[in-house]
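Only one structure is covered here, and it is reproduced in the block below.
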Amino acid sequence: QVQLVESGGGLVQAGGSLRLACAASGRIANGYNMGWFRQAPGMEREFVAAIRWSGSTTNYADSVKGRFTISRDNKNTMYLQMNSLKPEDTAVYYCGLDRRVGVRIGTREEEYDYWGQGTQVTVSS
């Protein structure tokens with residue numbers, strides 16, 4: 001069993017910054033990938049960014065490329081640095097973990113096996 005807990009969400013004005021964190025615990029194999037998704041009211045959950053186990057490979061949605069940076073430390077913690085935030089970034093942000101080893105970074109929701117409860121990000125204009 002794997003548990004994921006997101007933190008760092010909040011209210012920020014347009015142009016501001018937030019840093020999200022995702023702490024993973026439980027039995028996790030080496031080589032797993034992790035990613036961030038977000039979901040606004042009435043919309044489907046969408047891919048934001050993902051990172052390989054080693055941290056050497058990342059992938060970003062076009063809507064956040066150049067503004068967001070995904071990273072992870074040598075423990076089971078992943079981060080999402082969000083700069084130049086826009087009102088359209090408002091959503092609940094979820095952390096996901098892919099339990100498979102040695103696979104490409106996933107961009108689809110069904111490729112992830114575990115999810116946190118989410119953290120709310122609200123960007124005001």
Q) Could you give all pairs that pass the side-chain hydrogen bond (donor to acceptor under 3.5 Å, both in side chains) test and reach residues 109-118, with sequence neighbours left out? A) Arg108-Glu110
Q) Do Arg100 and Tyr32 meet the cation-pi criteria used here (NZ or CZ under 6.0 Å from the six-membered ring centre, within 45° of the axis)? A) no
Q. Are the side chains of Tyr94 and Glu6 in touch, meaning some heavy atoms are under 4.5 Å apart?
A. yes
Q: For Met82 and Leu20, work out which heavy atoms get closest and say how close.
A: CE-CG, 3.7 Å
Q.
Could you report the tightest heavy-atom contact between Ala14 and Ser125, atom names first, then the distance?
A. CB-CA, 4.5 Å
Q: Report the C-alpha separation of Cys22 and Tyr79 in whole Å, then their side-chain angles, then the decisive distance to 0.1 Å, and conclude whether the side-chain contact (heavy atoms from CB on, under 4.5 Å) test is met.
A: CA-CA 6 Å; Cys22 172; Tyr79 304 92; over 6 Å; no
Q) Are Tyr93 and Val64 grouped together when hydrophobic residues (ILVMFWY) are joined by side-chain heavy atoms under 4.5 angstrom apart? A) yes
Q. Checking Thr119 side chain against Gly9 main chain: does a donor-acceptor pair fall under 3.5 Å?
A. yes
Q | Non-hydrogen side-chain atoms of Met78 and Cys95 separated by less than 4.5 Å | A | yes
Q) For Gln120 and Ala91, which heavy atoms make the closest approach, and how far apart are they? A) NE2-O, 3.4 Å
Q) Looking only at heavy atoms, what is the nearest atom pair of Tyr60 and Ile70, with distance? A) OH-N, 2.9 Å
Ignoring hydrogens and angles, write down the donor-acceptor pairs under 3.5 Å from the side chains of residues 42-51, residues two or more places apart or on other chains.
residue	atom	partner	partner atom	Å
Glu46	OE2	Arg38	NE	2.8
Glu46	OE2	Arg38	NH2	3.4

Q | Passing candidate, side-chain contact (heavy atoms from CB on, under 4.5 Å) with Leu97, options Asn76, Leu4, Asn33 | A | Leu4
Q) Any side-chain heavy atom of Thr69 sitting closer than 4.5 Å to one from Leu80? A) no
Q | Arg72 (side chain) donor-acceptor with Arg52 (main chain) under 3.5 angstrom | A | yes
Q) Distance from Thr57 atom OG1 to Arg104 atom CZ, nearest 0.5 Å? A) 11.5 Å
Q: For residues Ala24 and Met34, report the shortest heavy-atom separation together with the two atoms involved.
A: CB-CE, 4.4 Å
**Q.** side-chain contact (heavy atoms from CB on, under 4.5 Å) evaluation trace for Asp89 with Phe68
**A.** CA-CA 11 Å; Asp89 295 318; Phe68 292 9; 4.0 Å; yes
Q. Honestly curious: do Ile105 and Val2 fall in one hydrophobic cluster under the side-chain, below-4.5 Å linking rule?
A. no
Q.
side-chain contact (heavy atoms from CB on, under 4.5 Å) for Val12 and Thr122? Distances and angles first, verdict last.
A. CA-CA 6 Å; Val12 65; Thr122 302; over 6 Å; no
Q: With rounding to the nearest 0.5 Å, note down the distance linking OG in Ser84 to CZ in Arg67.
A: 7.0 Å
